[in-house]
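Some notes on the structure that comes next.
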Amino acid sequence: MNESWVTVVGNAATRPDFWETAAGVAVARFRLAVTVRRWDRGRDAWADAYTSFYTVWTWRSLAANVAGSVSLGEPLVVHGTLRVREREWDRERERERDRPLPGDGGGAAEPPAPGVDSGGGAHQPRRWVTAEIDAVAVGHDLARGTSAFRRVSQAKPLLNTPTGATSP
């Protein structure tokens, strides 16, 4: 399957959440806000248009570095694969699940009829679409500020070499 690679420039909309999986894999997640700017000829100035939000997922050493480097509101450049998913909250079972999108091969997920509230009603599940990026690179946008890079060295195991001395 083909993947859509994207590079997105925006601001950190949330602080990174960091945790480790049961297998010990580091994971960090944060939201990225991307606001489109247009030139307004009438005012002879730049004006903000709409804002899109992406959930950025990072793994392993990138996750640890993002958690230690990214703060709320900082300008960032994110590169990775784009994944768009329809999500659903089943109120009766109180759980979230993925729904296949049209063209995913998993069946057609038809939009609600006009005038029908897809999130209302006692028995109707709440649905929404998410845009997520599985990042392979995250960095500060140096067009909007400076940054100081600190290399992280991987921990090396201490070798237990005999010194000839005995411990007490």
Side-chain angles (χ1 to χ4, degrees), residues 1-38 46 48-107 109 111 118-119 125-161:
M1 181 170 142
N2 293 330
E3 295 179 316
S4 298
W5 286 88
V6 295
T7 301
V8 183
V9 178
N11 292 330
T14 62
R15 290 179 180 87
D17 292 323
F18 179 81
W19 69 93
E20 288 187 2
T21 66
V25 177
V27 181
R29 170 188 66 194
F30 66 94
R31 299 277 287 161
L32 185 74
V34 179
T35 302
V36 174
R37 294 179 56 86
R38 305 265 190 239
W46 288 98
D48 289 345
Y50 57 90
T51 301
S52 298
F53 290 88
Y54 299 88
T55 300
V56 179
W57 291 90
T58 59
W59 301 86
R60 297 173 186 78
S61 62
L62 178 58
N65 292 339
V66 162
S69 301
V70 173
S71 297
L72 181 67
E74 290 183 340
L76 300 173
V77 179
V78 175
H79 181 71
T81 56
L82 177 66
R83 183 175 61 230
V84 178
R85 300 187 307 172
E86 183 173 326
R87 309 287 294 183
E88 177 178 285
W89 178 261
D90 189 340
R91 292 177 188 203
E92 290 179 13
R93 294 189 180 98
E94 293 191 13
R95 66 184 173 117
E96 186 177 318
R97 66 184 176 117
D98 289 331
R99 288 181 46 88
L101 287 173
D104 276 352
S118 66
R126 186 177 139 232
R127 296 181 184 149
W128 67 97
V129 175
T130 64
E132 300 178 348
I133 299 172
D134 284 325
V136 296
V138 176
H140 289 104
D141 183 359
L142 298 182
R144 296 167 43 198
T146 62
S147 184
F149 180 78
R150 290 180 307 277
R151 183 172 305 278
V152 177
S153 63
Q154 298 295 331
K156 296 180 182 174
L158 297 174
L159 298 176
N160 191 6
T161 57

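Here the structure is a predicted model, which means the values were calculated and not measured. For the numbers below, each heavy atom of this structure counts, side chains included, while hydrogens, waters and symmetry mates do not. Positions are given from 1, in the same order as the sequence printed here.
- The CG atom of Leu62 sits 13.5 Å away from the CH2 atom of Trp57 when rounded to the nearest 0.5 Å.
- The structure places CH2 of Trp128 at 10.0 Å from CZ of Arg85, a figure rounded to the nearest 0.5 Å.
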Given side chain to side chain contact (heavy atoms under 4.5 Å, CB included), test Val84 with Val129 step by step and report yes or no. CA-CA 7 Å; Val84 178; Val129 175; 3.5 Å; yes
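- Partners of Arg150 according to the side chain to side chain contact (heavy atoms under 4.5 Å, CB included) rule, which considers only residues two or more places apart in sequence or in another chain, do not exist here.
- Contacts of Ala148 classified as side chain to side chain contact (heavy atoms under 4.5 Å, CB included), with partners at least two apart in sequence or in another chain: none.
- Not a single side chain to side chain donor-acceptor pair (under 3.5 Å) links Asp141 to another residue, sequence neighbours left out.
- Summarising the geometry of Phe53 relative to Ala13, their closest heavy-atom pair is CE2-CB, 4.0 Å, with the distance given to 0.1 Å.
- Summarising the geometry of Ala135 relative to Thr58, their closest heavy-atom pair is CB-CG2, 3.9 Å, with the distance given to 0.1 Å.
- The CG atom of Leu72 sits 11.5 Å away from the CZ atom of Phe30 when rounded to the nearest 0.5 Å.
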Distance-only donor-acceptor hits, side chain of residues 73-81, under 3.5 Å, sequence neighbours excluded:
residue	atom	partner	partner atom	Å
Glu74	OE1	Ser71	N	3.0
Glu74	OE1	His140	NE2	2.8
His79	ND1	Val6	O	3.2
His79	ND1	Thr7	OG1	2.7

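- Val138 and Val66 get closest at one heavy-atom pair: CB-CG2, 4.0 Å.
- Listed by chain and number, the residues in a salt bridge (Lys or Arg N to Asp or Glu O under 4.0 Å) with Arg38 amount to none (sequence neighbours excluded).
- Listed by first and then second residue, the side chain to side chain donor-acceptor pair (under 3.5 Å) pairs involving residues 15-36 are Asp17-Arg29, Arg31-Thr55, Thr35-Thr51 (not counting sequence neighbours).
- For residues 53-71, no pair satisfies salt bridge (charged side-chain N to carboxylate O under 4.0 Å, His left out), with sequence neighbours left out.
- Every residue two or more places apart in sequence or in another chain was checked for a side chain to side chain donor-acceptor pair (under 3.5 Å) with Asn65, and none qualifies.
- Contact detail for Gly10 and Val34: the closest heavy-atom pair is CA-CG2, 4.2 Å.
- Remark: Phe149 engages Arg151 in a side chain to side chain contact (heavy atoms under 4.5 Å, CB included) (not counting sequence neighbours).
- The CZ atom of Arg127 sits 13.5 Å away from atom CZ of Arg87, with the distance rounded to the nearest 0.5 Å.
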